[in-house]
Amino acid sequence: MRRKKGKNSINMEHGKIKDTTQDTTLTIDVLKEKLINIEDAEIIEHQFNQDELVTVLYIRTLVDEERFNESIIAPLNRCTYKTLYACIDNSKVTIITSLEDALNKLFSGSIILYDSTKIQWLSVQLENSLHRAIQTSSTETVIYGAKDSFIENISHNILMIRRRLAIPELKSEKFTVGYLSKTTVVLMYIEGITNPEIITYARKKIKNINFDQFLDSSQIAAFIEDHQYSIFPQFLQTDRPDACAFALGEGKITILVNNTPFALIAPITFFHLFQSPEDYFLRWPIASFLRLVRYVSFILSMILIPAYVALTTHHYQIIPLQILFVILESRSKLPFTPFWEALLMLITLEIIKEASLRMPTKTSQTLGVIGGIVVGQAAVEAGFASKVLIVLMGISAIAFFLVPNYLMTKANVLIQFSLLLLASFMGIFGLMLGAVVALAHLNSLTSLKQPYLAPFAPFYWKDWIDLFIRGPLTWMTTRPNYLKTLQKWRYSSRR
Amino acid sequence: MSVFSLYDQKESPFGGIYVIFLVNRLQMIYFFLIMPTYLVYPYMVWGILALGIVSHLNLLILSKWFSSDFAKKGYLGFVQLFGQGMVRIFACVGVFLILIKISVIMLGYVEVYHQFIFSSVNPNWLILFVFIVIFYITYQGMENTIRFVVIVFFFTFWAIGLFVPFLFPPIAALHDLYPLIPVEWSRDSWKGLLLIWSALSGPEYLILLATWLKPNNKMKRNLAIGNAVTVFEYLFLFIASLFYYSSNFLSLSKFPVPNMLQYLESPVFERVDILLLTLHWLLVIFVIAIFMLVIFRAKGIIMGKWGKNPTLFGLVLSFIVVMVFIVIMNEWFWKSEQNLLLELQIWLGALTYTVVPFLLYVAVRLKERVNK
């Protein structure tokens, strides 16, 4: 048995793989040439008799070594040429017909077996099932509810959804995107419930993706979203299989991407960004109250600091006298205008927030303490910021974290800075103009062509039962109207 | 030059609730801020009610046109009714009427805002900033702009509730509402009635949005609901003004409603009026955005370019022209001859609200008779 190493056979030109070997017919020489300069490519040639040569080609790192030894090496050593095919586990054997097919199989963890006597090409699926264990969601934690979350292996992720929706109507269409990464993307939906227009549109969008590599689901989202210049997320990214199953049941689609633990849910509305999986596990009045708190927090996080600047710069008449005294006393020794004071402190806060996210856990705690003391106390004592602003900054910073969607909190920061600028120039008038632009922008957005501000605008009053409040589940008799699902009622038979 | 779609219809037509919101919000702009000064006498309560009923009948006539085939065809429907040449003339007249209307709305509101909140800023700057935002909204197209009415309604409608305390001020007495039956008719009372009628105008412009509205037999009902809500709001504000000022002092205030707002207080905000008047810009911006889209469409009809895709350059140019027009109106007319422009709009508003439904009704009937 001889083992050979490969040499380079491809190069990149103008963003596309240029094949240096022009021959695309499936021959052992062409295939061997493709494996040149690939360190972990292995070629095993096993001679049974004088004319009975079997060649095995595989990528060592992609193949499960133990299974390879059991399924391929052992039969080659133990069996004769005549009994070889009986020795190999037939359940995972497929016939190969083209060079492209052979290469795809080879680089997805199968071994290629070439019988020069019969001139027969076979592949045996033996991919290394390396993946981490299923763990609790780190981004959407809940006290009650399921604890499992997606992992990087797409098959496992599909399995986790299928376990929750064990119906044949749950379809999963497979696509391969990225000519370098060959990323597997799976579009899931429930046939008979999801609006076919949404499925067709999503399918078309995924098929039209033309890029070199996709390492994360957010990159896929960037290619299939309707408004790429918007700061608002048009897909919900979740690592919770129960959230995906719930969305599928509502008539939405789910997109799973291999090697990423985050699935995409669409079409979504702006209001989905304020819904937490826990909303549906808590008692409805409590869930409704918490949801309202989130909306209030969202507004506070954006406008509290700009409003402070607007009021203290342009409209101090609005502030009640006693509060005005407090603000004046607090600002009496500051060298900055309210705008610069707020801007400097907001930038400092953003630096601390970003640093604490990037640092290892233990360091970030220290950073938090130092940041808190520096911002909270030293800045006031040094005369860089007023106590009132620090209090507002604290409320605003905490309010940011109440919005369950991380992408949305990042969008909030940009809105906050924009409003700050407008507030400093034009006071409340500027704030209002900024808010109108934001509302008009939200009003024009779509997620997979479905309106982003639904059920508010377009107005679907029946869907308001799960909008600002989370009504009792028994009242949610219909699926969201804006999705135009094929099956409106959620009851199997109406009582 | 880049071409884009402003008037495409991607979704199904807007349902009845949009008609209610549109009718109500188109009727609740600017005039409600000054109306009590013109009405003054308590018996004008009957005037609001009576003209509310007449307005309802007027909208019934308008709904007849909405239920006709001509309404569904939009521009082509008008061409079928009046002929292309006549439609061009109507478009010219319409552009003039709308220009006057949006000038009065904009300048009137800028004046209120300038007087109550931003007295240090040149009003022309306010016009410029507002127009930039209006441009952004119109750039989203007619469909998105119409849909925006839901946001406008829910963000502004609730403000009426803040006037409830004015019904129960400590010094108010029921006799502030007397005489409810006029003992003598003031010579200027007709002006008050004219203002109410003009204030109720606005829904006639819905004929220009007909292709985006769902044509169904509920149109009659929805127009009526929108009108009824407006009449309720006008009545409520007028009665609150009477209780607060009484007839003797009502005529002395130029802006009675904003003045009333100045006396609203909350534990957090001392001057609620600043917030409310700022919020009301949302409605002003929306209404002008709708009218700007209509003007831009009318420009295409006048120039014989209906059906051709609009260009961004054309839209920008239209905005600049309209903005310059309003700034000129502000400098030459509003500052010196404000009442002239205001009265012109009161007359024109009343005229369009009376003539348009009637004219359409007659034209449809005549056309139907000819076709038979």
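Lettering of chains follows the sequences in order, A, B, ..., and the numbering in each one begins at 1.
Taking CD1 of I117(B) as the start and CD1 of I318(A) as the end, the distance is 7.5 Å to the nearest 0.5 Å. To the nearest 0.5 Å, atoms CZ (F269(B)) and CG (L311(A)) are separated by 7.0 Å.
Only the side chain of Y18(B) has a heavy atom closer than 4.5 Å to any heavy atom of chain A. Using a 4.5 Å cut-off between heavy atoms, Y139(B) makes no contact with chain A at all. Using a 4.5 Å cut-off between heavy atoms, H441(A) touches chain B through backbone and side chain atoms alike. There is no contact between I132(B) and chain A, counting heavy-atom distances below 4.5 Å. Both the backbone and the side chain of F129(B) come within less than 4.5 Å of a heavy atom of chain A. With a threshold of 4.5 angstrom between heavy atoms, F14(B) does not approach chain A through any atom at all. For a residue to count as touching a neighbouring chain, one of its non-hydrogen atoms must lie under 4.5 Å from one of that chain's; by this rule L442(A) does not touch chain B. Only the backbone of I319(A) has a heavy atom closer than 4.5 Å to any heavy atom of chain B.
Taking chain A as the reference chain and counting heavy-atom pairs below 4.5 Å, the highest number among I285(B), L277(B), V268(B), I151(B) is found for I151(B). Each of V149(B), L279(B), I274(B) has some count of heavy-atom pairs under 4.5 Å with chain A, and the biggest count is that of I274(B).
P267(B) and P320(A) make their closest contact through O-CG, 3.5 Å (heavy atoms, listed as atom of the first residue, atom of the second, distance).
Within 6.0 Å of NZ on K387(A) lie no more than 12 heavy atoms contributed by other residues, nucleotides or ligands. More than 12 heavy-atom neighbours from other residues, nucleotides or ligands sit within 6.0 angstrom of NZ on K72(B). Within 6.0 Å of atom OH in Y316(A), 12 or fewer heavy atoms from other residues, nucleotides or ligands are found, so the atom counts as exposed in its surroundings. In the displayed structure, F154(B) atom CZ is contacted under 6.0 Å by more than 12 heavy atoms of other residues, nucleotides or ligands. Heavy-atom contacts from other residues, nucleotides or ligands closer than 6.0 Å to OH of Y136(B) number more than 12. Heavy-atom contacts from other residues, nucleotides or ligands closer than 6.0 Å to CD of E197(A) number 12 or fewer.
Taking 4.5 Å as the limit, some side-chain heavy atom of F118(B) sits within range of a side-chain heavy atom of H315(A). The side-chain heavy atoms of Q140(B) and N443(A), taken from C-beta on, include no pair separated by under 4.5 Å. Using a 4.5 Å heavy-atom threshold, the side chains of R147(B) and P451(A) count as touching.
Residues of residues 456-466 of chain A having a heavy atom under 4.5 Å from any heavy atom of chain B, listed by number: F456(A), A457(A), P458(A), F459(A), W464(A). The interface of residues 426-438 of chain A with chain B, defined by heavy-atom distances below 4.5 Å, comprises M426(A), G427(A), I428(A), F429(A), M432(A), L433(A), V436(A), V437(A).
For the side chain to side chain contact (heavy atoms under 4.5 Å, CB included) with Q317(A), the qualifying choice from R271(B), Q262(B), E270(B) is R271(B), the only one to do so.
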